[in-house]
Structure formats: structure tokens, C-alpha cells
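Both counts, for ligands and for their atoms, begin at 1 and track the order of listing. Remember, it's a predicted structure, so these values are computed and weren't measured experimentally.
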Amino acid sequence: MEQADMAKEFELSEGGANHQKPQDDDHVMTTAQGHPVADDQNWLSAGPRGPQLLEDQIAREKIFHFDHERIPERVVHARGYGVHGHFELKKAIPQYSRAAIFNQEGVKVPTFTRFSTVAGNKGSPDLARDVRGFATKFYTSEGNWDLVGNNIPVFFIQDAIKFPDLIHAAKPAPDRGFPQAQTAHDNFWDFISLSPEAMNMVMWIMSDRTIPRSFRFMEGFGVHTFRLVNAEGKAHFVKFHWKPSLGLQSVVWNEALKVNGMDPDFHRRDMWDAIDAGDYPQWDLGIQVFDEEFAEKFEFDVLDATKIIPEEQVPVEIIGTLTLDANVDNFFAETEQVAFCTQNIVPGIDHSDDPLLQGRNFSYLDTQLKRLGGPNFTHLPINAPKCPVRHFQQDGHMAMHNPKGRVNYEPNSWGSGDGADVDPGPRASAERGFQSYPAEISGAKVRERSPTFADHYSQARQFYISQTPVEQTHMGNALTFELSKVQRMDIRKRMVGHLRHIDEGLAQDVADGIGLTELPDKVPFARKPITDLPESPALSILKNGPDSFKGRKLGIYIAEGTDADVVKALQQAAKDAGAMAEIIAPHVAGAKLSDGNMMEADEKIDGGPSVVYDAVAVVMGEDSGKRYAEDKPSIDFVNDAFAHAKFVAYVPAVQPLFENAGVWSRRDDGFFDVSSGKDAAASFIETCGKLRFWDRESVKLD
Ligand code: HDE
């Protein structure tokens, strides 16, 4: 056989070049120039074993494009996940704002929301301990409004000029290039411990808010004070809140560490799956509205982004609902290319003088220029407003909307006189256009932090005392964990010196945790902390639990001989509660149940550990309970579920496995024997609405 024929034969037998013929003309592959491609498997060469030819325009074009597939990742918030949705106004607020989006009840506006972590690179794990970005673009009839917020209502710093230092300190050290996506290292805590303004944020980031169970169970906050301006030009201050309809929920730290190894895409997968299943997550949009008078008498400066306004002081009024109902078609085109910008506001919403917000207004536009490569990123479909866009801007890289006609300036007199038949283009409208709120400004030009920003501990303390004991313990443990990774003793001590202003008990616990024999001196404060701020229950996750298993996931571990009725009862009870149930088995093919039917598994046991479920059921047949008693992944499954305070359903046959996992004799009120079927399964799932059996947390494993 000729060599060329042999080569063809080889390709065919390997399922190569001609394996699949185009189904019709529409499926003929082309180059980017539209030239039909005959062979996409072989570079043109001088003989089958000869050198490849530079002449091959098809191969070169393909490689050229591949070489340029990446754009710079975001300098912060690189790891993100975007979803489409819509916002519906439930309660019009014309008294506060003239914005069209706030004026007609029932008005629906398309949205795009991107959730993100801050410190990690684009490929970092979803469950890093980190603040989550919560950025929403509202495509309103008056242009795009971007609410670029976080899942925590305060920030580390008060002035944008410190942002590069904060981010440098949090990201991997420049010499070694690690640690990735974590703050447990010297540089971060060095910077933080030298920045007392960060102490309120420290309390928030050391709470379970930074290890959310999923994006669906997080709050969101606009953080800054903004302005709402009504049709009469009257302004109020406002803070924006997102409240998840499924309630708040976080994982526990040991779980986060394991989930990151098991499923680095835990959060994005959760969102994708929920939307794919038609279980659309929702958030209420709330506003805290207040006036100058309140701002004057409030204990802290409303322009200071390291402070909240407690909901008990200014209630959150719910005005609308965000529903996320469509996954992206293309991650790059949508999630990667979306360009949020705090300066994207519509008439009726305005900035305040918060120095952090002012700095952001510069940064976002600037960064898009670098990241998206030119000024025309508003032409990309994900960024393009869904209302008419008319202006005289033109040209630039990748210009895609290029106006026709000869008029590209104003004032112009086209449309009148001899040029009456020519479109004169758009004109500014004082009536419909954006009017900045005419705030009075005075003062000397200075580089100076306002003395009204000088209190750094009072709200940190308020946050801490508002938590349940379980949450307080988690915070102490988180601080101990992080500071234990800090090598320099003086940095550890300095941090404890700050904690003493917040809560002496917490400072002592952390000092004990990191092995300090005596408490370090308190760090001098700029302003004496207020120690009698009342508790704010709204700040606790556990005090605001959903008391429902809706939207959560049950993992049902089955094996040969599992009682078919029990599995069905569990699946049904989960479904009735609006939860998902997944089947785990020793083999992905599944297991034969008591009724002789094979039940397929969603996960093999070592691919479906209990850390990825909110509650678990271990329901095996007699022999399997013994057989898997020695199986490490099975032991881990049970052991972790216990250690992470999960509710556990079981049948007596799993006793040998539970004994080996060290939990049989420790079964507590978080364990449910579901062997009797339907009613037992239903009461198990009902109790799962409490999400965790926290009483167990203090129990130590063998
Ligand atoms: Fe950002 N931030 N930020 N930030 N931020 C960016 O913009 C910046 C801050 C937030 O999903 C960057 O497009 C400065 C607070 C989110 O695409 C950049 C300061 C809050 C996202 C930038 C802050 C945020 C960003 C990087 C100090 C919560 C992701 C890429 C004043 C209210 C948006 C980009 C997305 C992204 C600058 C502080 C939220 C560099 C200078 C406070 C959710 O422009």
C-alpha cells in the first residue's frame, strides 16, 4: 500500500479526519475568513513525514487565534460566575427617586449578575475564605445601572488610595507567588494589623459569611451610601441590600477545606444546577433610606464604608425582587467580558462623597480599557444597554456600531436650512437627562482623613456581640487558624492587641489558640470605642436561619440490598420540601435494591463525599453495612457528616460502618432511624430545615 493510503487508513481506523461528515452545508467548517476547510487534522507538510509548511494559512490562522484567546483576568474578583435574570419592582418609590426602574410597580428589567471571590486567580477554588462580589447590571430603559456590591456590607479601608496596598497584601507574596486565594499569611495580617480601620471588616471576614454554602444563600450589599433623587430634585441617602429568599447559610471551615479539593467549582456548579433544574434563586432588593438629619445624628459617618447602619435603626424596605433564571450560553462572552462600573448610574440615583466610592468610579472604567482592550466594550452584547444609544462617539478598536451619515458633532445645523433632509443626530435633554445632585461643596484642598472616620472598634464589637455562641466560636477559630499561619510573632501579637478593644474574651481565646502566654498590650486607639452599642440580630446568620430545607441537597448513600421503600421515601420527602436528592453508591453504576431493581447512582462514594451535601442518609442492606465498614471513603462520609454537625438518617444495618466511623455510640438528636419509611423520612427532612445540629460541635471525635 502507498504510504499516503496507509496514513488515510490509519486515520479512519482511529476515528480521524473523515470520521464525521458535515450533516449539511450549514455544518461545513470554515476559517475565520469563511474559507471552507477540507482537513482539520493535518498541517500541510512536504510529504507525510516531511517538515510542515509555513504556507498553511489554515493551520496558521487557527494557531494565531488560539494564541490570543486569553484576555487579562480581573486584577481583583478574577474568579467569578455570571447569570442572567430579571428584576421586578414590587413597590414604587417616586417619593425618593425619579429613576424609571423605581417608578412603576411590576416593571421588569433584564439583569446580569456576577458573583466572585476577591483574592484568588481565575482558576482558584470557589470556597476560599474570602469576601464575595455580588455585582448586578440592570439594563433599564434609561441605560445601565450597575450595583457593584459585596456579600459583606462594610469594607477594609476608607480611602481608595489604600486599595492597591490591601490587594497586594492579600494576594500571593511577590517573591514566592503563594499562597493562592487565602489571607492566612504574614503580608495580609501585617497590613491589616497596621490598619485599624479594617477591624470591623476583620470581624465580618472571620465570620462564616466568607465561606458561604452557595451564592444562593448569601446577602448582598451596595456597601456605600448612595443618593436617591426624586423628580423635584429632593435627595435622600440610601444603602442597598439584597436578601436571599432561601435564607442565609454557610459551610463550616473544615468542610470548606475539603470541598475545595473535592469540587473547586462548588459554587458555580450549585448555581448552574439550580437554574438548570428550574429552581431559580431570588433576592429581594431592600433600601435603607435616610436623610441629612439622620446622617448628622448617627454615631458614625455615613460616608465611611467601614460602617453599617444597623437595620434596627433604619429598617430595610423591600422594593423589588431579582430572579436569576438563565445560565450563560458562553462563559467568555458573558461572564468574562461583562464590565461593571460603579459610575453606571441612571437619573434618580447619584453618588455620595464616600471617598472609597469616588476612587472606584475612576478605577472600573480604567480597568476595562486594559482588560477589554479598547473603548468600545459597550458594543459587546453583554455590556450594551438594551435601550436606545445615541451619541457622537466613534471609531476605536473593534467598533461594531458605526453610525451612517455625515454628522458626527454638535452643535450642528443639519436637519434645517439646506441640510433639512439630513439627520442632525441626538441632543442633550435637560428634562430627561442625568442631573447631578447639586450638593454644596466647600473646604480646603487637603490630604486628610476626616476625624469622623476615626472610630475603628465600636461596630466591630457590635458585630461580634450580635452573633450566637456557635458563630462567635467560629470567629475565634478562624482568627486562630489565620494567625497560626502567620510566621512573625509581632504581627500575631499586634492583631490580638486590636482584638482586646473588640472583646476581651475573644482576644483571650485567640491568644490561647495561638499559644501566647500573656495578652499583649492594646493597640492605642484614635478614638475611644463605644462599648454599649446594642446587639443587632440582623448581623447573625444563625439568628436568621431559613428553617427550611428548600434549595438544599440531601445525599443518600445506598449499597446492595438497600430498602427500596426507604430510598423512595427519602427522595419524596426531599422533593416535597423543595430540596434536591442525590444518590451515592460504592459504584457509579448504582446498586441493586431490596426490590431487585437496580438504582443508578449520581456519584461514586469517593466522588460524592458528605461535605458536598447539606444532610445525608446512609441506608444500606445488612451485608453492605458490614462490607463497607472497612471502606475508607465510606468511613469518611459518615465521620465528616458527624463532625460537620449534619443531620444524618440511617438504618440499623449500617451499625458496623457507623461503629468504625466512631459515631454509633455518639448518635444524638441529629440522627434519625428512617427504617420505618415515609413518616420517619418526612420528619427527618423537616428537621433538616434547621440545617445543622450545632449542639454536636463541641463533641470531640475519637
Ligand atoms: Fe472593586 N474593583 N474596587 N470593590 N469590585 C473591581 O473592576 C476597586 C470595592 C467589586 O464581577 C475591578 O472590573 C477599587 C468595594 C466587585 O466584574 C477594579 C476599590 C466593593 C468587582 C476594582 C474597590 C467592590 C470589583 C477589577 C477601592 C464592594 C467585580 C475588575 C475603592 C462594594 C465585578 C473590574 C465583576 C472589581 C477597583 C473596592 C466590589 C480594579 C479601586 C468596596 C463585585 O476596578
Report, in ascending order of atom number, the atoms of ligand 1 lying under 4.0 Å from any heavy atom of Q368.
13 (O), 34 (C)
Can you sort out which atoms of ligand 1 are near G133, meaning under 4.0 Å from one of its heavy atoms?
43 (C)
In terms of its nearest heavy atom to atom 42 (C) of ligand 1, the top option of F112, F115, F155 is F155
R114: numbered ligand 1 atoms lying under 4.0 Å from its heavy atoms:
11 (O), 17 (O), 35 (C)
Of the choices R360, K370, R79, R371, which has the non-hydrogen atom that lies closest to atom 20 (C) of ligand 1?
R360
Show me the side-chain donor-acceptor pairs of residues 116-125 shorter than 3.5 Å, one per line, residues at least two apart or across chains.
residue: S116; atom: OG; partner: H77; partner atom: ND1; Å: 2.8
residue: S124; atom: OG; partner: N121; partner atom: N; Å: 3.4
residue: S124; atom: OG; partner: N121; partner atom: O; Å: 2.6

Is the shortest heavy-atom distance from the side chain of L372 to the side chain of Q337 under 4.5 Å?
yes
Within the 4.5 Å heavy-atom criterion, are F434 and P347 side-chain neighbours or not?
yes
Side chain, backbone, both or neither: T367 near ligand 1, heavy atoms under 4.0 Å:
side chain
Between E73, R74, M201, H77, flag the one that comes closest to atom 17 (O) of ligand 1 by a heavy atom.
R74
Interfacing atoms of ligand 1 (cut-off 4.0 Å, heavy-atom, S363)
18 (C), 22 (C), 37 (C), 40 (C), 41 (C), 44 (O)
Passes salt bridge (charged side-chain N to carboxylate O under 4.0 Å, His left out), K162 versus E197? Steps please.
CA-CA 11 Å; K162 295 314 297 167; E197 69 204 70; over 6 Å; no
Contact between ligand 1 and G80 is defined here as a heavy atom of the residue under 4.0 Å from a ligand atom; is it met?
no
Could you tell me whether the side chain of L324 reaches within less than 4.5 Å of the side chain of M271, counting heavy atoms only?
yes
Within a 6.0 Å radius of atom NZ on K543, are there more than 12 heavy atoms belonging to other residues, nucleotides or ligands?
yes
Of the backbone and side-chain N, O or S atoms of Y364, does one lie nearer to atom 1 (Fe) of ligand 1 than 2.8 Å?
yes
Ignoring hydrogens and geometry beyond distance, is a side-chain donor-acceptor pair present between E312 and S536 at under 3.5 Å?
yes
